[in-house]
Amino acid sequence: MTDLEIRDVPEDGLDGMIDFSGLVFHQRIRERDLDRWRWLMRRAERVGAWSGGVRAGQLAALPMRLAVPGGTVDCSAITAVGVLPTHRRRGVLSAMIERMHADAIAAGRPVAALWASEGAIYGRYGFGLADRAVELEVDTSRPLELRTGPDPRPLRLVDPGEAPAVLGPIHEAALSRRPGGLVRDGEWWSRNVLPEEELSDERLTEPRVVVHPEGYAIYRTGHGTVRLEDLVAADARVEAALWQYLAGIDLTSRIKAPSRPVDDLLPHMAADPDQVRVTREYGALWLRLVDVPAALRARSWAAGDAFVLDVADARIPANHGRWRLTTGTAPGCEPTADAPDLSLSVADLGSVYLGGARLSTLVRIGAVTEHTPGAAARLDAALAVPLAPYTNDDF
């Protein structure tokens, strides 16, 4: 498209972005939804694509920090991406993502992340599926017997307005144990995690917050159901205490947890496995390494080793080529001309970056080429994390 122009969207264009999102995502944006939409767009770096005076597309990037093994990295959290149906397959999305890449590099954010409405779209832009989640349903019409003894320390209910200050340190500790989550500031807690009204189901109550010294659960109730929004626990006994509390709430007969880690303990803790059902597993966060060497140096590694990676990246030339990756306590990543141990796309590198996918599997299916026998298994060992990556922040 020769007349395509990519430019920033000023703050007085927020409502136009919201209307555009409603159009491309087939949503009715209700008056009560506007406040949250405006807040989210105000936090973001916003770009639009114009052609012939028509807004053909838009993209917003929230500057966030993402938990990775051993710490956190600056991240562009991509949201509100869309292209008019009349302007598809004309380079609009490619131009906006190219601008996002440039902005992220200029800001020193080595990774970008998104929730994909259509997974098939983003692989060609260098995003790989980095973690997955499961949906659980628990039958609480009878007592929930657990094989794990609950931590006996007392639980307490906390007013949602006080919750960010109370829950923040517990959540930060959890980020150090499990990669994939986002660092939450006070505004993110109150507006995104603890909004008074659940936009997807107005029949649910305002959020309830129950706190343990080393854990918490955020939930809502309605029509006989406890809907679990977020649960964090330092260990299995704390987790057991929180689940037993949720299962014992009066006038309810089930718990629905739309988002839990793939290695959630409850299906294993339940004395009767039929009482806990995994009703769905789905792809969650997609990750893009915008600056490959910076991203690889930013995470910690489970084993010390060295590899030459031949990385294919058709959209960011600075990433394309061979890199000598040194793992261990002093990680490094430098360009090299040496023969590669592994050849892979930047999207597949994003898939394994948090430890949520295995290179050995990608070699088996032919997506990654192993030139040095055993190199994929060795790098898998270096990438390994104690807990599966998990993302429970919607954006």
Side-chain angles (χ1 to χ4, degrees), residues 67-69 129-155 167 170-181 208-221 224-249 252-285 302 351-352 354-358 360-361 380-381 383-393:
V68 302
L129 181 57
D131 66 32
R132 302 181 69 83
V134 295
E135 181 178 84
L136 298 181
E137 186 166 320
V138 187
D139 175 8
T140 59
S141 62
R142 53 195 171 93
L144 178 64
E145 301 291 341
L146 300 177
R147 300 170 63 193
T148 303
D151 187 297
R153 286 174 288 177
L155 304 174
L167 306 188
I170 301 173
H171 180 260
E172 288 181 19
L175 293 182
S176 70
R177 297 189 296 268
R178 185 190 294 275
R208 318 294 196 197
V209 183
V210 63
V211 179
H212 179 280
E214 293 187 274
Y216 67 81
I218 300 171
Y219 64 96
R220 300 172 192 265
T221 55
T225 298
V226 175
R227 177 187 165 99
L228 179 63
E229 306 282 344
D230 196 14
L231 186 150
V232 165
D235 59 34
R237 296 189 69 202
V238 175
E239 192 161 330
L242 291 167
W243 279 113
Q244 279 210 328
Y245 166 83
L246 295 168
I249 294 174
T252 65
S253 59
R254 67 174 178 169
I255 302 169
K256 292 195 72 171
S259 176
R260 296 299 299 153
V262 293
D263 58 354
D264 191 275
L265 293 178
L266 183 61
H268 307 282
M269 289 195 296
D272 179 358
D274 291 336
Q275 203 169 350
V276 179
R277 293 190 303 125
V278 177
T279 54
R280 185 166 71 106
E281 180 174 336
Y282 55 95
L285 199 71
S351 290
V352 302
L354 297 179
R358 292 179 59 82
S360 302
T361 302
D380 279 337
L383 285 159
V385 291
L387 300 175
Y390 170 62
T391 306
N392 193 31
D393 285 276

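Side chains included, hydrogens not; waters and symmetry mates left out as well; all remaining heavy atoms used.
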Would you call Asp131 and Arg178 a salt bridge, taking side-chain N to carboxylate O under 4.0 Å as the test?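 No, no charged N to carboxylate O under 4.0 Å.
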
So, are Arg237 and Asp235 salt-bridged, with charged N and O less than 4.0 Å apart? no

If I compare all heavy atoms of [X] with all of [Y], which pair ends up nearest, and what's the gap?
{"X": "Ala384", "Y": "Ala302", "result": "O-CB, 3.5 Å"}
{"X": "Thr148", "Y": "Ala240", "result": "O-CB, 3.8 Å"}
{"X": "Asp263", "Y": "Ala388", "result": "OD2-N, 2.9 Å"}

All side chain to side chain donor-acceptor pair (under 3.5 Å) counterparts of Ser360, not counting sequence neighbours: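 Checked Ser360 against side chain to side chain donor-acceptor pair (under 3.5 Å); matches are Asp380.
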
For the CZ atom on Arg147, are there more than 12 heavy atoms of other groups (residues, nucleotides or ligands in this structure) within a distance under 6.0 Å?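 Open.
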
Do any N or O atoms from the side chain of [X] and from the backbone of [Y] form a donor-acceptor pair under 3.5 angstrom?
{"X": "Gln275", "Y": "Asp139", "result": "yes"}
{"X": "Gln244", "Y": "Leu144", "result": "yes"}
{"X": "Thr391", "Y": "Gly180", "result": "yes"}
{"X": "Thr279", "Y": "Glu135", "result": "yes"}
{"X": "Tyr219", "Y": "Leu231", "result": "no"}

Those residues that, when tested against Ile218, pass side-chain contact (heavy atoms from CB on, under 4.5 Å) (two or more places apart): Leu167, Trp189, Val193, Leu194, Pro207, Val209, Tyr216, Glu229, Asp230

Once rounded to the nearest 0.5 Å, what's the spacing between atom OG1 of Thr225 and atom CZ of Arg220? 14.5 Å

